[in-house]
Amino acid sequence: MRQMTKKELEGKRIAVLLSGGVDSSVVVHELAQMGLQPDCFYIKIGPEEQEEWDCTSEEDLEMATTVARRYGCSLQVVDCHREYWDEVTRYTMEKVKAGFTPNPDVMCNRMIKFGAFHEKMGHNYDLIATGHYAQTETDEEGRKWLTTSPDPVKDQTDFLAQIYDWQLRKAIFPIGHYVKDEVRQIAEREHLINAKRKDSQGICFLGKINYNEYLRRYLGENPGLVIEYETGRKIGSHRGLWFHTIGQRKGLGFGKGPWFVVKKDIKKNILFVSHGYNPEKAYKQRFPVHDMHFLTADVFGDRQDIEITFKIRHTPDYYMARLENMGEGRYVVNAEKAIHGVAPGQFCVIYDERHHRCIGSAEITV
């Protein structure tokens, strides 16, 4: 694995998506170390009514401005607020109302960072650099593949698994070969203004806003019963199925726990929970996926199934499995062992057997 060299980057027009965080700031530093002077862009995707919500965008922009100025780079604010709320928020709300567990950050990368930004400004550039912990490699046929970062905790290939092949071809990840501690050390050594700034948590634009408040703002509440899965006994009530995900344990607030969410009945508005003693509905070993999105190429060839690794949430854990091509765009994941918390609407991110190349992703349909 190697990063693009100064010689390969010279003469290229490079745009850096500068968020105000430490990762994208070190991206600017890395490019400046090569004698390059990229143009920096801050993408505005904050909440619609900022006076009502505690948002960190003003601080983010201040940090980004300071970093860009230090390296002699221009900084331009690109307003993608409307595109975010029209595309990513609408996608999220439609999915959660239907009982699914979507990932807004995954769609933000496809639709906003490498989508709406490209339409507004990115098309003027040869390459778009971001602070993602991810890498790329080119095979003997000249095809570009997304590959994992050496930092298993920070690796963000799962968030990039829905971007299009043309977006991947333009993307570069200048800090992708580092682990997080190395990025922090560079920032501290260079006395960057945000060297000690904490990483953002949760949905990319929410800042300090709780995800449930985001859902409540757009969907309100819809109270219903909470039932113990094995016995049918009433445990309590919920304020809306969209506030809960399959496999959830924290934040349920029922006595005599621990309780796990194992099923949702959308029509009857019932949330089913269990003590987690391996109930059938809580674990899945074989499950279908649809809308398979191959990042670079369909890796099946003439084969009916392939050995893979996969993940269903943003954790360092990969699971061994066999992926079957059932035809007509249908696929089935056969995991080596039963997996807890498999939920419809989640993205199943597919990797090769060594979880090195990210092959793509598909939506879980169970």
> So, for K95 and E363, which heavy atoms are closest and what is the spacing to 0.1 Å?
Replying inline: NZ-OE2, 2.9 Å
> Roughly how far, to the nearest 0.5 Å, is the SG atom of C80 from the CG atom of D86?
Replying inline: 11.5 Å
>> For a side chain to side chain contact (heavy atoms under 4.5 Å, CB included) check, start with the C-alpha distance between I227 and I235, then their side-chain angles and the critical distance, and finish with the verdict.
In response: CA-CA 5 Å; I227 302 292; I235 300 300; over 6 Å; no
> Within the distance-only criterion (no hydrogens, no angle test), does the side chain of H275 pair as donor or acceptor with the backbone N or O of P258 below 3.5 angstrom?
Replying inline: yes
> Where is the tightest heavy-atom contact between I175 and G131, given as atom of each residue plus distance?
Replying inline: CD1-O, 3.4 Å
>> Test of understanding: clusters of I, L, V, M, F, W, Y form through side-chain heavy atoms closer than 4.5 Å, transitively. Do V261 and I266 belong to the same one?
In response: yes
>> Y42 and side chain to side chain contact (heavy atoms under 4.5 Å, CB included): which single residue from V78, V16, D60, L18 fits?
In response: D60
> Take atom CD in Q285; do more than 12 heavy atoms of anything else shown fall under 6.0 Å from it?
Replying inline: yes
>> Let me confirm one number: the NE2-CG distance from H238 to L225, rounded to the nearest 0.5 Å.
In response: 7.0 Å
> Is the shortest heavy-atom distance from the side chain of F100 to the side chain of W242 under 4.5 Å?
Replying inline: no
>> Are V332 and V299 connected into the same hydrophobic cluster when the rule is that any two of I, L, V, M, F, W, Y join if their side-chain heavy atoms are below 4.5 Å apart?
In response: no
> How long is the gap from CG on L215 to OH on Y211, to the nearest 0.5 Å?
Replying inline: 4.5 Å
> Do N269 side-chain atoms and P223 backbone N/O form a donor-acceptor pair below 3.5 Å?
Replying inline: yes
> Looking at side-chain heavy atoms only, is the closest gap between L127 and L9 below 4.5 Å?
Replying inline: yes
> Can you tell if the side chain of Y84 reaches within under 4.5 Å of the side chain of C108, non-hydrogen atoms only?
Replying inline: yes
>> Ring centres under 6.0 Å, that's the criterion: do H356 and Y351 meet it?
In response: no
>> Checking E59 against R197 for the salt bridge (charged side-chain N to carboxylate O under 4.0 Å, His left out) test, could you report, in this order, the C-alpha distance in whole Å, the side-chain angles of both residues, the deciding distance, and whether it holds?
In response: CA-CA 11 Å; E59 182 181 327; R197 195 180 191 201; 3.2 Å; yes
> What's the verdict on side chain to side chain contact (heavy atoms under 4.5 Å, CB included) for I339 and Y283, showing C-alpha distance, side-chain angles and the deciding distance?
Replying inline: CA-CA 5 Å; I339 309 300; Y283 286 78; over 6 Å; no
> What distance separates D79 CG from K44 NZ, expressed to the nearest 0.5 Å?
Replying inline: 5.0 Å
>> The criterion is side chain to side chain donor-acceptor pair (under 3.5 Å); which residues satisfy it with N334, sequence neighbours excluded?
In response: R286, E324
> So, D352 side chain and R357 main chain: donor-acceptor pair closer than 3.5 Å or not?
Replying inline: yes
> With sequence neighbours left out, what residues match H29 under side chain to side chain contact (heavy atoms under 4.5 Å, CB included)?
Replying inline: Q33, Y71, I186, R189, E190
> Can you check whether H118 reaches I128 side chain to side chain, under 4.5 Å on heavy atoms?
Replying inline: yes
>> Donor-acceptor pair, distance only, cut-off 3.5 Å: does the side chain of R303 make one with the backbone of F300?
In response: yes
> Any idea which heavy atoms bring L31 and P38 closest together, and the distance?
Replying inline: CD1-CG, 3.9 Å
>> For H244, is there any backbone N or O sitting under 3.5 Å from a side-chain donor or acceptor partner on K264?
In response: yes
> Heavy atoms, side chains only, cut-off 4.5 Å: are T148 and Y133 in contact?
Replying inline: no
> Is it the case that more than 12 heavy atoms not belonging to Q304 sit under 6.0 Å from its CD atom?
Replying inline: no
> Would E228 and S274 count as having a side-chain donor-acceptor pair, cut-off 3.5 Å?
Replying inline: no
>> Between R13 and D126 (side chain of the first, backbone of the second, donor and acceptor by atom type, cut-off under 3.5 Å), is there such a pair?
In response: no
> Is there a path of hydrophobic side-chain contacts, each under 4.5 Å between heavy atoms of I, L, V, M, F, W or Y residues, that connects V26 with V179?
Replying inline: no
> Which pair of heavy atoms, one from N194 and one from G20, lies closest together, and at what distance?
Replying inline: ND2-O, 2.9 Å
> What is the minimum heavy-atom distance between T130 and V27, and which atoms define it?
Replying inline: O-CG2, 3.5 Å
>> Quiz question: by atom type and distance under 3.5 Å, do the side chains of D155 and T157 form a donor-acceptor pair?
In response: yes
> Side-chain contact, heavy-atom cut-off 4.5 Å: I246 with F272?
Replying inline: no
> Out of curiosity, R184 CZ to L192 CG, how far, rounded to the nearest 0.5 Å?
Replying inline: 11.0 Å
> Which is it for R216 and E213 under the salt bridge (charged side-chain N to carboxylate O under 4.0 Å, His left out) test, yes or no, and what are the steps along the way?
Replying inline: CA-CA 5 Å; R216 186 175 288 106; E213 289 302 317; 2.6 Å; yes
> Counting only heavy atoms not in R249, do more than 12 fall under 6.0 Å of its CZ?
Replying inline: no
>> Counting C-beta onward and ignoring hydrogens, is there a side-chain heavy-atom pair between E94 and Y91 closer than 4.5 Å?
In response: no
> Counting only heavy atoms not in K144, do more than 12 sit closer than 6.0 Å to its NZ atom?
Replying inline: yes
>> For H314 and F159: C-alpha separation, side-chain torsions, deciding distance, then whether ring-ring contact (aromatic ring centres under 6.0 Å, His included) applies.
In response: CA-CA 8 Å; H314 185 59; F159 291 141; 4.5 Å; yes
>> Does D39 form a side chain to side chain donor-acceptor pair (under 3.5 Å) with S74? I'd like the steps, not just the answer.
In response: CA-CA 5 Å; D39 292 336; S74 64; 3.1 Å; yes
>> Hydrophobic clusters here meaning ILVMFWY residues chained together by side-chain heavy-atom distances under 4.5 Å, can you tell me if M111 and Y164 are in one?
In response: no
> Does the ring centre of Y125 sit less than 6.0 Å away from the ring centre of F41?
Replying inline: yes
>> If we check side chain to side chain contact (heavy atoms under 4.5 Å, CB included) with I312, which of these qualifies: K284, Q346, H340?
In response: Q346
> Are W145 and R143 close enough, and set up right, to give a side chain to side chain contact (heavy atoms under 4.5 Å, CB included), and what steps lead you there?
Replying inline: CA-CA 7 Å; W145 295 85; R143 298 177 301 183; 4.0 Å; yes
> If every non-hydrogen atom of V349 is compared with every non-hydrogen atom of A161, which pair is closest and at what distance?
Replying inline: CG1-CB, 3.7 Å
>> Test side chain to side chain contact (heavy atoms under 4.5 Å, CB included) on V22 and K180; report intermediate values, then the result.
In response: CA-CA 10 Å; V22 66; K180 182 70 182 195; 3.6 Å; yes
> Should we count CZ of F294 as having more than 12 external heavy atoms under 6.0 Å?
Replying inline: yes
>> What's the separation between atom OG1 in T147 and atom CG in L295, rounded to the nearest 0.5 Å?
In response: 11.0 Å
>> I'd like to check Y229 versus W259 (side-chain heavy atoms, cut-off strictly below 4.5 Å). Are they in contact?
In response: no
> Between Y178 and Q185, is a side chain to side chain donor-acceptor pair (under 3.5 Å) present by the stated rule, with each step listed?
Replying inline: CA-CA 11 Å; Y178 292 129; Q185 289 166 13; over 6 Å; no
